[in-house]
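Report on one structure; see the data block that follows.
When a ligand or atom number is given, it counts from 1 through the structure's own listing order.
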Amino acid sequence: MNDSIMLEARNLVKHFPVSGSKNQVVHAVDGVSFQVKKGRTLGLVGESGCGKSSCARTVIRIYEPTAGQIFLDGQEITNLSQRQLAPLRRNIQMVFQDPYASLNARMTVREIINEPLRAHKVCSNAREADEMIFEMLDRVGLSREHANRYAHEFSGGQRQRVGIARALILHPKVVICDEPISALDVSIQAQVVNLLKEFQEEEEITYLFIAHDLSMVRYVSDDVGVMYLGKLVELSESNEIYEHPLHPYTQGLLAAIPIPDPKAARAKTVSSIEGDIPSPISPPSGCRFHTRCPHATPLCSRVEPVMADVGGGHQVACHLYPQCTPGDSKE
Ligand code: SF4
């Protein structure tokens with residue numbers, strides 16, 4: 001496995017203006033940093049509204065970053081114009097959440113998969129394009145007979161296979177998967193995830209995988225980042241985060257996963273998170289989780305904990321770990 005950093009965000013910020021207000025903004029992403037090595041998958045998890053999808057869309061420059069830096073394969077892409085970015089888009093593609101909405105209903109599957117080939121002038125003639133499209137249909141588990149059909153003729157799982165074919169036809173280095181399985185039946189989810197993993201093994205693709213289903217994220221990710229209200233609060237190797245979650249928010253998220261064994265469920269010591277996620281327009285002071293945290297102290301509402309490595313590359317931002325409390329604010 002190559003150890004090079006393929007995708008990196010440094011202190012990424014994305015604020016959206018609030019309509020009708022001059023001063024207020026939605027703090028969708030607030031200083032998020034991560035690195036994803038070549039051929040690996042970083043899963044970003046959190047409740048809906050935590051900023052994970054905004055983060056993914058900012059990384060791929062669908063949204064313009066408010067501040068911070070983005071690097072693709074060592075090249076900074078933060079301030080490139082859309083024109084400068086166009087040739088690089090070949091290397092960074094996206095699989096969207098809703099295969100019903102993301103595929104143009106008026107286009108055949110052939111036309112949908114041909115779009116990126118045309119945009120990047122990959123093929124010299126239609127026959128060459130068709131060969132690539134048929135080969136890709138075969139790889140995603142569809143057949144060349146499907147090429148002349150329209151998206152609405154397919155099931156949700158088949159549509160997502162078309163979405164994956166469209167994203168992967170250019171052999172990108174990085175694929176942003178924005179909740180690619182959330183809209184699918186449980187029985188289909190594993191098939192789509194396995195398909196993404198197969199491509200990764202064959203082509204060393206780097207994935208940023210956004211999801212709220214923590215059990216599937218464990219299966220698909222090498223590393224997992226947990227987001228809360230625009231902030232990354234914990235980041236570690238996947239098994240480590242599931243076996244030794246450190247942040248009370250991560251512990252609450254894991255406690256909310258249903259356990260099929262009633263005995264094990266009764267033995268659970270951590271309860272799931274109470275209350276609603278606060279407004280991202282005026283996030284709580286200090287630690288943003290303090291309004292819902294069972295361990296909160298006065299320090300938590302006053303001082304923001306910093307993200308710190310508490311051992312073995314396991315990073316967390318919580319005052320329960322002394323490394324996370326800035327030196328001048330220790331009580
Ligand atoms: Fe809870 Fe305080 Fe840690 Fe925030 S910093 S998660 S409020 S203990």
- Task: With sequence neighbours excluded, tell me which residues meet salt bridge (Lys or Arg N to Asp or Glu O under 4.0 Å) with Arg159.
- Result: none
- Atoms of the protein (N/O/S only) found under 2.8 Å from atom 3 (Fe) of ligand 1: Cys318 SG
- Hey, is Arg288 close enough to Asp30 for a salt bridge, meaning N to O under 4.0 Å? yes
- Message: Give me each pair satisfying salt bridge (Lys or Arg N to Asp or Glu O under 4.0 Å) with a member in residues 238-256, each pair once, sequence neighbours excluded.
- Response: Arg218-Glu243
- Lys197 charged N/C atom sitting above Tyr219 aromatic ring, 6.0 Å / 45°: yes
- Query: Arg89: what forms a salt bridge (Lys or Arg N to Asp or Glu O under 4.0 Å) with it, not counting sequence neighbours?
  - Reply: none
- Query: Thinking salt bridges, do Glu179 and Lys52 make one under a 4.0 Å N-O criterion?
  - Reply: yes
